Protein chains: 2
Amino acid sequence: MEAALSIFENFGRDALTFNRLGAELGASSTAVYRHFQGRDEILEAVAEELNLISLRGYEASARWQDSLMDLAMRAWDTAEKYPAAAANSFFIATGGENELRSVDAILQALHEAGYRGSEAVVNYQVFSNMVLGSGIALASDLLLEAESGNTIANIQEYSPPRPELFPYAEAVKHELSNFNRRNVYTQHVSMLISSFEQNAPRR
Amino acid sequence: MEAALSIFENFGRDALTFNRLGAELGASSTAVYRHFQGRDEILEAVAEELNLISLRGYEASARWQDSLMDLAMRAWDTAEKYPAAAANSFFIATGGENELRSVDAILQALHEAGYRGSEAVVNYQVFSNMVLGSGIALASDLLLEAESGNTIANIQEYSPPRPELFPYAEAVKHELSNFNRRNVYTQHVSMLISSFEQNAPRR
DNA sequence: ACCTGAACACCGTTCAAGT
DNA sequence: ACCTGAACACCGTTCAAGT
C-alpha cells in the first residue's frame with residue numbers, strides 16, 4: 001500500500017500498474033498476483049488504506065457537531081495529500097474494517113444528535129456523499145492543476161465566446177476564477193451540521 | 001456521442017475504447033483521431049453531452065427553490081440512465097457551452113435567492129459538488145450492481161467478523177441494507193435549499 | 001478532407017516452470 | 001510458499017500511405 005500510494009502521487013491518476021508496482025517493490029510484476037486477485041482488489045485495498053490514514057488517532061469529541069467536522073476535515077486532508085489515490089478509490093465500497101470504522105463514527109455522532117434507525121441512515125448517506133463528493137472534486141482539481149501546471153484549473157477558465165448568453169456567470173466571473181476550496185468545504189459541512197441540528201428529534 | 005453513450009451503457013465502465021468506437025461507427029479505430037485529439041477529449045465531449053441531455057427543455061421556475069430542485073433531479077436522472085458515462089465524466093470540467101448553461105442556471109436561482117458575488121459562487125460550488133458527488137455515488141452503485149448481479153451492493157453487505165466493534169452500525173444494520181437512494185437524494189437537496197433560504201441576505 | 005494498416009510501447013491476466 | 005518468464009488479447013497513439 002505504501003508503494004501504491006507513492007506511485008499514484010508521483011506519477012499521477014493512471015499510474016498504478018502491475019509493472020510499476022513490481023518495479024517499486026523490487027519484484028516481477030506478476031508476483032503481485034500472489035497477493036491480490038487483480039487490479040480491482042488493489043484499488044479496494046487503497047480505499048481501505050485511505051480510510052485508515054484518515055482515521056488515524058481519531059476520537060469522538062464531546063460535541064457530536066465537532067466529531068462530524070473532524071471526520072469531514074480528515075477526509076479532506078487525505079484527498080488533498082493523495083489526490084490520485086482518492087480520485088481512484090473514494091467511491092469504492094470495500095465493506096472492510098476501516099470503512100466500517102468511518103461508518104460507525106458518523107453514525108455515533110448522528111446517534112448523539114438524536115437520530116435513530118432509518119433517519120440516522122439517511123443522514124449518514126447525506127453526510128458521506130457530501131464528504132466523498134467534495135473529496136473527489138478536490139482531487140480532480142488538484143490532478144488537473146498538476147497536469148496543466150496552472151493553479152485552479154477548474155471553471156475559472158471562464159471566457160465564453162458569447163458571454164451575453166451566461167449573464168449570471170458573467171456577473172461573478174472574477175469570483176468564479178478565484179475562490180478558496182477549503183472555505184467552500186467548511187461552509188458546506190457547517191450547513192449540513194446545522195441542518196442535522198435543526199431537524200433532530202427532541203429526546 | 002450517441003455511439004459513445006451506447007458503448008458505455010452496453011459494455012460497462014471501462015468499455016469506451018477506440019476499437020469499439022470505430023466498430024460501432026463502421027470505421028477504423030484510428031479514424032476517430034481525425035475528430036478527437038485523444039481519449040481525454042472524447043470524455044470531455046461525453047461530459048458536455050450529459051450536460052446537454054440533463055438540460056434539455058429546462059426553464060427556470062417561478063420559485064428559485066423549484067429551479068434548484070429541478071436541476072438537481074435532472075442530473076440525478078442522467079446519472080441513473082447513463083451510469084458508466086456519468087462515472088467517467090461527472091467531475092470533468094469542460095469549460096464548454098453546456099457546462100456553462102448549468103453553471104448559469106444555478107447562479108440564476110441563487111441570484112433570485114438574494115446571493116451575489118462570492119456568496120453566490122460559494123453556494124454554487126456547494127450545490128454542484130452535492131449534485132455531482134451524489135450522481136457519482138449513484139452511478140458507482142449501479143455499476144457495481146450490474147457487475148455483481150445483486151441489488152444494492154453498497155454498504156449493505158454488512159456482516160463484519162466482530163460486530164461488537166461497530167455498535168452504531170450494528171444498531172441500524174437493517175436500515176443500512178435497505179434504503180431508497182432517491183429519497184436520500186431529495187432529502188439532501190431539500191436540506192441544502194433550506195439552508196440557502198435561511199442564510200440568504202434580505203434585500 | 002477523411003480513412004486505413006502497420007507499428008510501437010504499454011496494459012491486465014494466465015500459467016507452466018522454477019526455488 | 002513465493003517468484004519468474006513467456007505468452008495472450010487488448011490498450012492508446014503515431015504515422016506513412018491511400019482515396
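Every chain is numbered from 1 and lettered A, B, ... according to where its sequence line falls, protein lines coming before strand lines. This one's a predicted model, so the numbers in the text were calculated from it and none came from an experiment.
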Does B/Arg63 pair with B/Asp66 as a salt bridge, N-O distance under 4.0 Å? yes
Tell me, please, which residues at least two apart from B/Glu9 pass side chain to side chain donor-acceptor pair (under 3.5 Å). none
Please report, rounded to the nearest Å, how far the P atom of C/dG12 is from the CD atom of A/Gln37. 16 Å
Is any side-chain N or O of A/His35 closer than 4.0 Å to OP1 or OP2 of D/dA1? no
Salt bridge check: are B/Asp14 and A/Arg39 linked by an N-O gap of less than 4.0 Å? no
Ionic contact status for B/Arg181 with B/Glu145, cut-off 4.0 Å: yes
Rounded to whole Å, the CG-C1' distance (A/Asp40 to C/dT13) equals 12 Å
I want to confirm an ordering. Mapping B/Thr30 and A/Thr17 to their closest nucleotides on DNA chain C, which one lands closer to the 5' end? B/Thr30
Measure CG/A/Asn88 against P/C/dG12 and give the value in whole Å, please. 12 Å
Round to the nearest Å and state the distance from A/Leu25 atom CG to D/dT4 atom P. 11 Å
Locate the shortest heavy-atom distance separating A/Ala75 from A/Phe90; write the atom from each residue and the value. O-CZ, 3.9 Å
Hey, does A/Ala31 reach any base, or is it just sugar-phosphate, or nothing, if we go heavy atoms under 4.0 Å? base
Length of the CZ-P vector between B/Phe18 and D/dC10, whole Å: 18 Å
Let me check something: any side-chain donor-acceptor pairs from residues 79-86 of chain A under 3.5 Å, sequence neighbours excluded? List them with distances.
none

Roughly how many Å is it from CG in B/Leu21 to C1' in C/dC3, rounded to a whole number? 15 Å
Is the phosphate of C/dT4 approached by B/Arg34 (side-chain N or O, under 4.0 Å from OP1 or OP2)? no
Nearest-nucleotide check on DNA chain D, B/Gly38 vs A/Ser28; residue mapping nearer the 5' end is A/Ser28
Given atom CZ of A/Arg39 and atom C1' of C/dC11, what is their separation to the nearest angstrom? 10 Å
Phosphate oxygens OP1/OP2 of C/dC10: is one of them under 4.0 Å from a side-chain N or O of A/Asn19? no
Name the stems with DNA chain C in them: runs of three or more consecutive Watson-Crick or G-U pairs, distances under 3.5 Å? C:4-8 with D:12-16, C:12-16 with D:4-8
For D/dC11, does either OP1 or OP2 sit under 4.0 Å from a side-chain N or O belonging to B/Arg20? yes
Verdict with supporting geometry, A/Glu99 and A/Asn51, side chain to side chain donor-acceptor pair (under 3.5 Å): CA-CA 6 Å; A/Glu99 184 181 80; A/Asn51 265 314; 5.1 Å; no
What integer distance in Å separates B/Phe36:CZ from C/dC3:P? 12 Å
